[in-house]
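From a predicted model like this one, the values you see are computed outputs, not experimental measurements. Note that ligands are numbered from 1 as they come in the structure, with each ligand's atoms numbered from 1 the same way. Nothing fancy with the numbering, it's 1 onward along the sequence.
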Amino acid sequence: MVLLLLAFWTAVVNTVPEDIAKIIVVGPGIQNVQLAFPSRYFFILHRIPKLGSVEIRPTKRLNKNPGRGCHIWPQVFNQTRFCIRLALSDLRQSFQRIVSLNDVLDLANFCDDEQPDGTESDDQSMVTYWLAIVRYSFHRGHWQCDQPLELVIYGDHDGQVPIYRRPITNQNKPFYSEHCPCVRNEWPQLSQCDSTDNRQLQQRIDHDLAPFRSGINFTSILDEAINRFGQYPQTYAFCHYRIKNNQAYKRCYGQYDGFSKFFDRMLLSLMRKTRLSDSQLLMNLGDWPLSQIKDTRPLPIFSWCGSQQTNDIVLPTYELTESVLNGHDRISTDIHSTFGRQLFGFSSKQNRLFWRGRDSNEARLKLVDQSMLMPNHYNVAITNFFFYRDRMTKYRPNNTTTIPYVPFKQFFDYRYQINIDGTVAAYRLPFLLAGNSLVIKQQSQCYEHFYHLLEPGKHYLPVNESLDNLSSLLTNLIEQNDLKPIKRIIWTARMAVIRWLMPSSIYCYYYKALESYSQLLIAQQPFDESMNLITDDDDLNYYGTCPHGCQQHATTGKDEL
Ligand SMILES: *[C@@H]1O[C@H](CO)[C@@H](O)[C@H](O)[C@H]1NC(C)=O
Ligand SMILES: *[C@@H]1O[C@H](CO)[C@@H](O)[C@H](O)[C@H]1NC(C)=O
Ligand SMILES: *[C@@H]1O[C@H](CO)[C@@H](O)[C@H](O)[C@H]1NC(C)=O
Ligand SMILES: *[C@@H]1O[C@H](CO)[C@@H](O)[C@H](O)[C@H]1NC(C)=O
Ligand SMILES: *[C@@H]1O[C@H](CO)[C@@H](O)[C@H](O)[C@H]1NC(C)=O
Ligand SMILES: *[C@@H]1O[C@H](CO)[C@@H](O)[C@H](O)[C@H]1NC(C)=O
């Protein structure tokens, strides 16, 4: 009888009803191809453990006009090692309503990618979906696609017959490279910049702008910034930006103004998508935030990083911004490829802590000290000495001047990662959280724009700023037999990455920060003819410019969305 019952239950477990979708595809790159990104992206959730090939291709061959091809460069990341579990009852009730990524995230339950069907008693009520990330961009020098494209997915077994097809675009709706101007007033709505998740993320903006509710007199803050920082051009660098008629101008102060290019490019990218209000602002180019709380008056200045002693208006770091702007031209780290190229399941990773970095903080040296006491628990090293050259011999036995370079993706060959401040916040946290390892985070005075959403014990494990309790934490982790709680933290962290650190959220964050700030301006500096107009990089112009973008279509008729 018991056996029979068991057999019955097994049958139930293994047979997900036919009406439950095998594949769900969501994300801006498929829902609205008119929304331009350097890399358009979407997510495939599939019930089958392994997908065959995934293609973005013309719906039918158009041989009449060969010059009209769409030169699309797709990338498929199918090694995410990430799954979610959806309750059958939710799927039945809300399947019609699962149209966006948020709908999926709101229903998602923890899934252990090494034991995807779970072991708990609720198994038969849950369905496991695997995640793959797809992104695509135009090849360089190509600007538009007016050919019907479709997404075609094959199963792993019978690689011939597609198991899923869906149009991405059609002939009547050409879509454009991100480099083409395509200004839409409704862009923030199309991008769902006011979604619940984005609003949570943007609480930081409300907080940072709170001291300036009574209005910002730009004339006086420009004078103040020049007085405070302009006389130390070696130490400080900042730019005065002006946005007027959806064009941006700048004048920079300080010797090292190279980092302004990240902000320039983000402004240009936003202004190709939508209209920014006329505005003037200060952007700090240094890592250190500049508006000290102890000073009498808070200075409304934008920075890449915030701290408990300062009240700068924090934007996503240049590292994260650059990774979004470069799409898949980027050679180093980005969120999609880090998330999507996880080679090892957690339990088969080396059971040690991995870290590499510069000597920009004494805690980093301390980490190496600790590793010398317990070499089996750590694989950590300082890659470059600059601040503590005098101690180099201690940390570099035999005076080796270089240590072998380890590519970022190989960090995740190890179970534990640590985020330790450098001069300010370590800008790698978003990328660490995207991977399939456990993140240990040093408590810190510094923060990035999204830290307020992270909870210790839920998205990462905290250690003391001086790393006092790291080695005991690490010993406990390494000796731990029950990996479930660790995997749950990793899963929750990666969910946070999908919710809050994808390109769409970064764009919305910049947009909201700039617009909310602009609304507070009560007095502006008169237009200064000598400021420099910001234009695209030369290497883009090399390929010619976008013929006309979507503007032409917008004027000839109702712009279709
Ligand atoms: C990923 O895709 C490649 C090529 O389409 C395929 O060979 C491989 O098996 C896939 N891997 C997974 C984990 O689905
Ligand atoms: C703004 O500041 C300037 C210089 O401090 C001052 O002359 C001007 O009256 C201020 N404007 C407003 C509207 O407060
Ligand atoms: C340093 O030299 C010692 C003795 O020659 C050797 O055993 C050790 O492996 C060397 N360490 C490194 C990091 O090269
Ligand atoms: C290491 O290099 C420093 C300077 O480059 C030198 O002063 C020191 O003697 C060297 N130590 C050893 C053990 O070779
Ligand atoms: C380490 O110390 C920090 C700060 O006191 C604390 O929040 C954290 O829980 C501690 N972690 C462990 C593993 O003891
Ligand atoms: C945490 O670090 C501070 C100094 O950074 C130290 O005073 C304190 O004792 C540490 N606490 C723990 C629990 O290690």
- request: Spell out, with a plain yes or no, whether Cys446 and Cys305 have SG atoms under 2.5 Å apart.
  value: no

For Glu55, the side-chain hydrogen bond (donor to acceptor under 3.5 Å, both in side chains) test, sequence neighbours excluded, returns Arg57

Would one find an N or O of Asp156, backbone or side chain, under 3.5 Å from an N or O of ligand 1?
no

Taking only non-hydrogen atoms of Leu473 and a 4.0 Å limit, the atoms of ligand 5 in range are 13 (C)

In chain-and-number order, ligand 2 lies under 4.0 Å from a heavy atom of each of Asn217, Ser220, Ala523

For Arg81 and Gly340, indicate whether the former's side chain and the latter's backbone hold a donor-acceptor pair under 3.5 Å. no

Gln79 to ligand 1, any heavy atom closer than 4.0 Å:
no

Check whether any side-chain N or O of Arg364 sits under 3.5 Å from a backbone N or O of Arg358 as a donor-acceptor pair, and report yes or no. yes

**Report entry** Cationic N near anionic O, under 4.0 Å, Glu362 to Lys366
**Finding:** no

Only residue of Phe218, Tyr253, Phe302 satisfying ring pair (Phe, Tyr, Trp, His ring centres under 6.0 Å) with His240 is Phe218

Counting from 1 in the order shown, the ligand 1 atoms closer than 4.0 Å to a non-hydrogen atom of Lys50 are 9 (O), 11 (N), 12 (C), 13 (C), 14 (O)

A student checking ligand 1 against Asn78 at a 4.0 Å heavy-atom cut-off should list atoms 1 (C), 2 (O), 3 (C), 8 (C), 10 (C), 11 (N), 12 (C), 13 (C), 14 (O)

Per-atom filter on ligand 5: closer than 4.0 angstrom to a heavy atom of Gln443 are 3 (C), 4 (C), 7 (O)

Residue set satisfying salt bridge (charged side-chain N to carboxylate O under 4.0 Å, His left out) with Asp369, at least two apart, ordered chain then number -> Lys394

Residues at least two apart in sequence or cross-chain that pass side chain to side chain contact (heavy atoms under 4.5 Å, CB included) with Thr492, listed by chain then number, are Lys458, His459, Arg488

Check your understanding: Is a side-chain N or O of Asp103 found less than 3.5 angstrom from the main chain of Ser100, in a donor-acceptor match?
Key -> yes

